[in-house]
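So you know, we letter chains A, B, ... as the sequences are listed, proteins then strands, and number each from 1.
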Amino acid sequence: MSDTVNSDKLLKEFAPQIERTGNFGKLWIAFLCLVICYGWFALYWQVSRGHIVTGMRDNVVWGVYIVNFIFFMGISYAGALISGTLHLFHSEWRKPIIRMAEFITIISLLIGPCFIMLCVGRLDRLPNLILFGRIQSPITWDVIAISTDIIGCILFLYLALLRDLGKMRDFTELKVPQWQKKMYKILALGYTGTPEQQLRLKRATDVMAGMVIAIAIIVYSVLAWIFSVTLQPGWHSTIFGPYFVIAAVYSGTGVLIVSMFVFRKVYHLEEHITLKHFVNVGVIMLVLGAFFGYFTFSEYLTKWYGSEKNDEQLIQVLLKNYFNLFILSNYVGVLVPLIVVGFRKLRTINNITIAAVVVVIALWINRYLIVVPTLETPYLPIQDERLAWQLYSATWVEWALTAAGVAMFCLLFTIGSKLIPIVQVSDLKEEPEQPGDLHLM
Amino acid sequence: MENNKKDDNNSRRNFLKLGLLAGAGTVATGALIVTGKSASGESGEKIKVLTTTGEVMEVDKNFLTQAPVGRKESHLGIPGRKFVMVIDLARCKNARKCVTECQKGHNLPKETEFMKVYLMQDSEKTAPYWFPKPCYHCDNPQCVSVCPVGATYKRSDGIVLIDNERCIGCKFCMTGCPYSTRVFAWKPDEAFDIDQPYSPEKSVPGVEGTVSKCDFCPDLAREGKLPYCAQACPMGVIYFGDIDEDVVTNGTETFKFSELIRDRSGYRYLDNLGTRPNVYYLPPVDRQFPVERGLDGLDEETLKRFENTPYVKNAKISKEAK
Ligand code: SF4
């Protein structure tokens with residue numbers, strides 16, 4: 001029973017994180033709550049005064065909100081795809097980081113859709129989406145896809161958690177309030193780790209891992225189609241589906257690396273999360289970065305080379321009004337990770353994390369450049385005396401809500417790590433081997 | 001949010017459905033309603049009407065209007081019609097009467113325009129011209145395809161309407177429309193607090209947080225009238241009619257639609273997008289006015305709109321050179 005001993009040792013190590021919240025932790029949580037309150041105020045402001053308080057106007061009808069929506073949906077992908085794939089390939093090294101990836105998925109999946117609701121003029125009529133839903137509309141596809149994704153991911157995560165929950169329930173030394181113990185007990189569903197249970201759990205997790213990967217690809221493609229089915233010059237592109245999928249996983253790995261770095265520092269996980277993990281995820285990021293760069297290049301090359309009137313206009317605006325952002329998102333955001341991870345000498349934990357931060361920022365900007373400049377260059381020239389109608393610039397309301405979204409992400413992540421160890425404690429060896437299992441690394 | 005305001009209005013509205021008494025036939029037949037307000041004040045001319053409770057009552061003529069078509073009925077379209085509009089660019093001099101009368105007719109806030117007039121110049125060396133742009137009521141409308149709740153719909157008479165009591169304000173239709181036709185109600189507006197039952201055919205009253213656009217005035221068509229823009233244009237630029245009957249009119253002149261299009265080389269704007277618009281343009285040849293006449297007499301704000309167009313910029317440069 002060396003496995004049990006091993007998990008107990010781990011649990012003991014992680015128990016303090018779950019039992020206590022230090023002063024720094026409390027301060028951090030208070031700070032996040034403050035930011036979220038600010039966001040609530042901004043929301044009240046928007047609802048009571050109308051969308052006029054945002055920077056959105058008749059030409060640029062979607063702004064930072066939809067950028068955040070794409071962004072959060074994108075990073076939710078990291079968990080789904082990375083943990084799903086690593087699970088299916090039985091990569092042993094995944095153990096210390098897989099929980100983080102799963103947390104990222106669920107949390108961002110809950111936050112992302114909130115942002116699209118902020119774009120909606122009549123929140124009170126949201127039930128119409130169900131009552132009068134039209135299957136012909138890509139928004140309906142999105143509603144169906146995202147809700148399926150949420151359910152699928154929660155199931156997958158839950159299955160992945162089950163073994164740990166059982167361990168938490170059995171670990172009597174844990175000093176947590178009674179309700180929390182009860183919670184573990186209920187959630188563990190009587191899992192004790194009998195061989196039969198193990199086999200069933202393994203099978204269910206395998207199926208869900210495959211499903212989650214498939215659903216995530218569909219969800220993100222559907223999201224891309226919201227843009228590419230329209231006739232807007234910057235959006236009407238056949239590669240948007242795969243392009244968005246790649247960009248999503250790319251940004252997701254970035255967020256995963258950043259959170260590995262943060263939790264490693266805060267919870268002192270140096271022993272568990274090592275340079276090896278950073279390099280492995282970094283290599284995944286590198287491959288995705290190369291793909292992302294390739295897609296971006298071919299997308300803009302064809303537009304620029306063909307230079308149809310409206311495409312040309314868009315490229316001009318991108319290179320004139322958005323030059324710095326364009327370079328940052330589409331060049332720096334590709335080259336930095338390629339160089340940092342590509343050269344062995346540069347592969348340190350700090351460097352890889354910096355590259356990941358660059359990727360995350362670059363990808364947010366990439367989405368901004370897909371949404372806003374396109375709407376600023378419609379087929380008919382914008383002839384309006386009001387500057388706000390010609391050019392989009394986000395207002396404090398939009399930034400406050402964006403900050404609140406990020407704060408919410410951090411808060412839920414923090415709370416999650418207080419309820420369940422951030423590193424999987426049960427041993428991967430508990431997974432029974434089956435013929436046909438794939439192995440990678 | 002202002003969402004309840006309108007419902008309040010509905011209950012406060014308290015309008016009477018009235019049958020028209022014989023002899024008072026000054027208005028079209030059909031259900032009439034007495035409104036609390038009238039833009040033109042009292043006319044002095046009284047009409048006898050029968051209330052639902054059977055009493056006879058005298059009402060000023062201006063307080064009587066045709067009961068608008070309800071939300072359900074507005075989905076159907078006027079039987080046997082297929083509307084079309086022809087805009088004669090050779091005559092347009094940016095008089096902007098179409099814009100303002102449309103705004104009045106649809107009770108729009110000042111900054112909202114269903115009809116927009118652009119100063120167009122297709123390329124550097126081609127001649128600039130004024131370009132009035134309503135909704136094109138496409139036969140293959142992107143906006144209708146993408147709407148998640150069916151709040152925007154295509155009718156049998158070719159008109160594309162919006163039901164602003166169903167619209168959730170997602171603005172997807174606005175990105176779907178390649179002609180920048182749709183406008184969003186970004187804030188609550190006094191103009192929306194009008195005492196009138198809502199009809200998608202009238203697009204009145206507007207609702208905050210929903211979209212609206214040019215509706216081809218089917219309510220006027222039912223009364224046998226031209227849309228506000230066509231009525232208002234002093235140059236007779238805008239023709240309206242029926243493509244099946246093959247006739248269009250601007251109120252003074254009437255043409256066979258097919259002949260007009262053939263003789264004057266009518267075309268549709270950005271036809272290559274496959275949206276199949278129901279608005280045709282007659283190219284700006286043999287113009288009645290030089291293009292700069294359109295800049296005369298504009299107020300400061302409107303003038304500013306065209307400041308960045310190549311034509312106005314060049315005109316300024318050559319003026320300074322002199
Ligand atoms: S804004 Fe309204 S009309 Fe337009 S697509 Fe959304 S729900 Fe439909």
Side-chain angles (χ1 to χ4, degrees), chain A residues 46-54 56-62 66 116-117 119-143 226-227 229-233 235-236 309-310 371 374-375 378-386 388-390, chain B residues 1-4 111-112 116-121 123 131 133 142 144-151 164-189 207-211 269-270 273-275 300-309:
Chain A
Q46 175 175 323
V47 169
S48 62
R49 266 143 242 247
H51 280 214
I52 194 85
V53 300
T54 68
M56 299 184 280
R57 293 294 182 271
D58 279 346
N59 291 299
V60 185
V61 294
W62 294 334
I66 208 135
I116 199 150
M117 289 179 196
C119 299
V120 168
R122 301 291 308 208
L123 282 174
D124 52 317
R125 294 184 187 170
L126 276 185
N128 285 6
L129 280 174
I130 314 285
L131 295 176
F132 306 109
R134 283 174 74 249
I135 197 68
Q136 300 94 319
S137 166
I139 291 203
T140 311
W141 308 346
D142 226 7
V143 172
I226 285 203
F227 297 95
V229 296
T230 67
L231 296 170
Q232 303 284 348
W235 294 350
H236 195 49
K309 193 171 165 190
N310 297 290
V371 174
T374 297
L375 291 174
Y379 283 103
L380 275 146
I382 300 177
Q383 294 183 351
D384 204 303
E385 70 275 17
R386 298 159 293 185
W389 258 254
Q390 300 166 18
Chain B
M1 209 181 249
E2 301 288 301
N3 49 346
N4 292 325
E111 65 274 10
T112 308
K116 293 174 191 145
V117 186
Y118 288 82
L119 176 52
M120 296 284 263
Q121 189 169 8
S123 62
F131 184 78
K133 190 207 56 141
Q142 272 277 320
V144 172
S145 309
V146 299
C147 180
V149 296
N164 75 14
E165 291 189 2
R166 181 180 289 184
C167 170
I168 61 168
C170 64
K171 309 170 202 156
F172 197 9
C173 53
M174 299 180 79
T175 61
C177 175
Y179 306 113
S180 313
T181 289
R182 299 181 155 234
V183 288
F184 190 76
W186 295 99
K187 58 174 196 287
D189 200 289
V207 175
E208 187 224 333
T210 64
V211 285
Y269 182 65
L270 289 183
L273 293 178
T275 45
E300 197 81 351
E301 275 170 25
T302 319
L303 206 55
K304 237 173 118 189
R305 287 184 196 192
F306 307 114
E307 240 170 30
N308 286 329
T309 56

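Both the backbone and the side chain of B:L119 come within less than 4.5 Å of a heavy atom of chain A. Only the side chain of A:W235 comes within contact range of chain B, judged by heavy atoms closer than 4.5 Å. Both the backbone and the side chain of A:I226 come within less than 4.5 Å of a heavy atom in chain B. In this structure, the portions of B:I168 lying under 4.5 Å from any heavy atom of chain A include both its backbone and its side chain. Proximity to chain B is absent for every atom of A:M117, based on heavy atoms less than 4.5 angstrom apart. Within the 4.5 angstrom heavy-atom criterion, atoms from both the backbone and the side chain of B:E301 approach chain A. In this structure, the portions of A:L129 lying under 4.5 Å from any heavy atom of chain B include both its backbone and its side chain. Of the two parts of B:V117, only the backbone, made up of N, CA, C and O, holds a non-hydrogen atom closer than 4.5 Å to a non-hydrogen atom of chain A. At a 4.5 Å heavy-atom cutoff, the contact between A:D384 and chain B is made by backbone atoms alone.
The choice from B:E307, B:M174, B:E300 that makes the most heavy-atom pairs within less than 4.5 Å of chain A is B:M174. Per-residue heavy-atom pair counts under 4.5 Å with chain B were compared for A:P378, A:P138, A:P233, and the maximum is reached by A:P138. Ranked by heavy-atom pairs under 4.5 Å with chain A, the list B:F131, B:F172, B:F184 is led by B:F172. Ranked by heavy-atom pairs shorter than 4.5 Å toward chain B, the options A:T140, A:N128, A:T374, A:I135 are led by A:N128. Considering only heavy-atom pairs separated by less than 4.5 Å from chain B, the leading option among A:S137, A:C119, A:G50, A:G133 is A:S137. With respect to chain B, the highest number of heavy-atom pairs below 4.5 Å among A:M56, A:K309, A:Q390, A:R386 belongs to A:M56.
The minimum heavy-atom distance between A:T230 and B:G176, with the atom names listed, is CG2-CA, 4.2 Å. The minimum heavy-atom distance linking B:Y269 with A:Y379 is given by the pair OH-O, 4.2 Å. In plain terms, the two heavy atoms of B:K304 and A:E385 that are nearest each other are CB-CB, 3.8 Å. Listed here is the closest heavy atom pair of B:W186 and A:R57: CZ2-C, 3.1 Å.
With rounding to the nearest 0.5 Å, the separation of CG in A:L231 from CG in B:L270 is 9.5 Å. Between atom CG of residue A:D58 and atom OG1 of residue B:T112 there is a gap of 7.5 Å, rounded to the nearest 0.5 Å.
Listed by first then second residue, pairs satisfying side chain to side chain donor-acceptor pair (under 3.5 Å) with a partner in residues 170-180 of chain B read A:H51-B:K171, B:Y179-B:T275, not counting sequence neighbours.
Side-chain atoms of A:W62 come within 3.5 Å of backbone N or O of B:C170 as a donor-acceptor pair. Side-chain N or O atoms of A:R134 include one that pairs as donor or acceptor with a backbone N or O of B:V144 at under 3.5 Å. Side chain of A:R125 to main chain of B:C167: a donor-acceptor pair is present (N/O by atom type, distance under 3.5 Å, no hydrogens or angles). A:R122 places a side-chain N or O within donor-acceptor distance of the main-chain N or O of B:E208, the cut-off being under 3.5 Å.
Taking B:K187 as the reference, B:E111 meet the salt bridge (Lys or Arg N to Asp or Glu O under 4.0 Å) condition, with sequence neighbours excluded.
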> Would A:L380 and B:K116 satisfy side-chain contact (heavy atoms from CB on, under 4.5 Å), going step by step from the backbone distance to the final call?
Replying inline: CA-CA 11 Å; A:L380 275 146; B:K116 293 174 191 145; over 6 Å; no

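No side-chain heavy atom of A:V61 sits less than 4.5 Å from a side-chain heavy atom of B:R182.
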